[in-house]
There are 2 protein chains.
Amino acid sequence: MSPNFSIAEENYIKSIYNLQQVNDAVSTTALAEHLKSKPASITDMLKKLQAKGLLLYNPYKTFRLSKEGIKAALSIIRRHRLWESFLVHKLQFSWEEVHEVAEELEHVRSKKLIDKLDGFLGYPKFDPHGDPIPDTNGKINIQQQLPLSSLPLNKQAIITAVQDQSSELLSFLSSLKIVIGTRLEIKRRLAFDNSLEIKCRNRQPVNISEQVANAIQVNPL
Amino acid sequence: MSPNFSIAEENYIKSIYNLQQVNDAVSTTALAEHLKSKPASITDMLKKLQAKGLLLYNPYKTFRLSKEGIKAALSIIRRHRLWESFLVHKLQFSWEEVHEVAEELEHVRSKKLIDKLDGFLGYPKFDPHGDPIPDTNGKINIQQQLPLSSLPLNKQAIITAVQDQSSELLSFLSSLKIVIGTRLEIKRRLAFDNSLEIKCRNRQPVNISEQVANAIQVNPL
DNA sequence: AATAATTTTTAGGCAAACCTAAAAAAAATA
DNA sequence: TATTTTTTTTAGGTTTGCCTAAAAATTATT
């Protein structure tokens with residue numbers, strides 16, 4: 001008897017989950033931006049989610065999902081990622097265009113459908129973006145994390161975190177379109193300074209220093 | 001630029017389409033029953049649909065979809081029937097349990113998704129219930145209708161109508177679990193009385209008289 | 001044709017999910 | 001610490017889609 005949430009609620013739950021993966025707790029403004037809505041609307045929904053026991057929330061403070069909320073989030077994320085896999089592997093959608101469609105499909109709430117789809121796809125462990133797919137029970141493969149500098153040559157990996165107090169590095173990387181979630185591999189390792197030539201999907205390779213590579217955490221696929 | 005309808009609107013359009021297939025025009029009460037809602041709610045929506053040019057409607061009279069409305073209906077029905085096919089043929093859902101899930105999937109409005117799904121399924125002409133699937137342009141195969149008595153041996157067909165004033169025949173047939181929509185084929189034709197041995201899917205064959213076979217209209221697959 | 005019964009619409013409300021503008025609280029700064 | 005700035009919440013409003021109860025129109029019956 002897993003409870004049923006409205007589409008709006010599901011979107012909030014998923015967004016909060018995604019944001020708190022990065023920052024541990026979420027602010028009203030951040031969530032409003034993520035959902036392209038207004039802070040006042042967020043407050044409305046926070047109260048509803050808290051009343052349902054999905055959210056740990058004190059007025060004027062940041063908030064995060066409860067155990068229950070995380071369970072709900074993982075089930076929504078499972079649906080999303082399985083549909084993305086279906087779209088790419090069965091319907092030949094390209095990697096970039098699946099998100100929007102999966103965003104709609106994920107709201108079809110039939111456990112049987114999703115479990116059958118999972119089987120049809122061969123119980124994939126990762127979606128086409130390299131993100132892990134939670135299993136029927138909501139268990140998600142803990143992402144193995146290592147510094148980019150220790151990633152073997154030509155092995156694909158996803159950026160999971162960037163160690164950076166100043167956020168200078170973060171903005172440098174994001175100017176290169178390298179952000180958390182970006183999939184990349186190392187094409188070359190230059191011996192004289194240990195700098196790396198990295199390649200993101202279909203983009204031109206870029207060169208980064210050993211120090212930067214040490215600060216980037218990745219999850220090998 | 002096909003216009004986008006809300007889920008509620010789509011459900012109304014589809015129900016009106018289905019009802020007017022039987023009766024040519026639809027009444028407020030009939031639609032309310034079909035949608036499990038109340039007549040007053042129907043009136044509300046009728047005004048909206050008329051304002052959008054989807055409905056031919058005069059207050060206190062029966063109504064029907066406009067050209068535009070039929071076009072919209074066919075696109076929704078296309079989605080529904082393709083998803084039903086997917087569920088049965090790819091995910092091994094049984095024939096009876098697909099409707100509910102397809103009811104949700106049909107509201108995912110991505111033409112590209114549906115056209116790709118169509119290709120993935122091999123451009124099926126009929127859904128698992130035997131109902132015809134409209135093509136990308138909304139063209140639907142007109143159901144060829146003939147009396148069961150003229151159906152060739154071993155050719156599958158779907159019952160589309162039963163000619164019966166008294167409804168005595170209808171209740172007799174439904175006691176045999178033979179209703180509109182039932183899929184069957186003729187296994188034997190007995191020469192001495194022209195009675196037929198018919199077989200429905202995985203059930204035991206039953207025998208029906210020539211008169212009954214004349215009253216049953218079918219659509220060969 | 002007049003009246004009764006049924007069907008449909010109108011009127012007024014409700015809940016969900018959003019919004020803007022103003023008030024309150026928290027955080028940053030002088 | 002006091003003040004300013006930023007963030008969050010409250011108050012009140014909108015739209016969509018539904019509801020009930022009463023009024024109006026249509027249909028059926030006498």
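Lettering of chains follows the sequences in order, A, B, ..., and the numbering in each one begins at 1.
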Exercise. Do the numbers put A:Lys47 on top of the ring of A:Tyr57, so that NZ or CZ is under 6.0 Å from the six-membered ring centre and no more than 45° off the axis?
Worked result: no
Could you state the atom-to-atom distance from [atom1] of [X] to [atom2] of [N] in whole Å?
X       : N      : atom1 : atom2 : value
B:Phe63 : C:dT9  : CZ    : C1'   : 13 Å
B:Leu31 : D:dC18 : CG    : C1'   : 14 Å
B:Ile7  : C:dA16 : CD1   : P     : 17 Å
B:Asp44 : D:dT16 : CG    : P     : 12 Å
B:Glu10 : D:dG17 : CD    : C1'   : 15 Å
B:Ile13 : D:dG17 : CD1   : P     : 11 Å
A:Asn11 : C:dA17 : CG    : P     : 11 Å
A:Ile42 : D:dT10 : CD1   : P     : 15 Å

Listed nucleotide nearest any side-chain atom of [X], set [options]:
X       : options                : value
A:Ser41 : D:dT8, C:dC19, D:dA21  : C:dC19
B:Lys38 : C:dT8, D:dT9, D:dT20   : D:dT20
A:Ala8  : C:dA17, C:dT20, C:dT10 : C:dA17

Seminar exercise, completed: Comparing A:Ser37 with B:Tyr57, nearest DNA chain C nucleotide closer to 5' gives the residue B:Tyr57
Exercise. Which comes earlier along DNA chain C counting from the 5' end, the contact point of B:Tyr60 or that of A:Lys48, where each point is its nearest nucleotide?
Worked result: B:Tyr60
Exercise. Across the strands shown, which category fits A:Pro39 at heavy-atom distances under 4.0 angstrom: base, sugar-phosphate, nothing?
Worked result: base
Exercise. Base, sugar-phosphate, or nothing: which does B:Tyr12 touch, judged by heavy atoms less than 4.0 Å apart?
Worked result: sugar-phosphate
For this session: Classify the angle between the aromatic ring planes of B:Phe86 and A:Phe120 as parallel (below 30°), tilted (30 to 60°) or perpendicular (above 60°).
Result: perpendicular
Problem set entry | Heavy-atom closest contact (A:Tyr12 atom, A:Ser37 atom, distance) | OH-OG, 4.1 Å
For this session: Locate the shortest heavy-atom distance separating A:Pro124 from A:Ser85; write the atom from each residue and the value.
Result: CG-OG, 4.4 Å
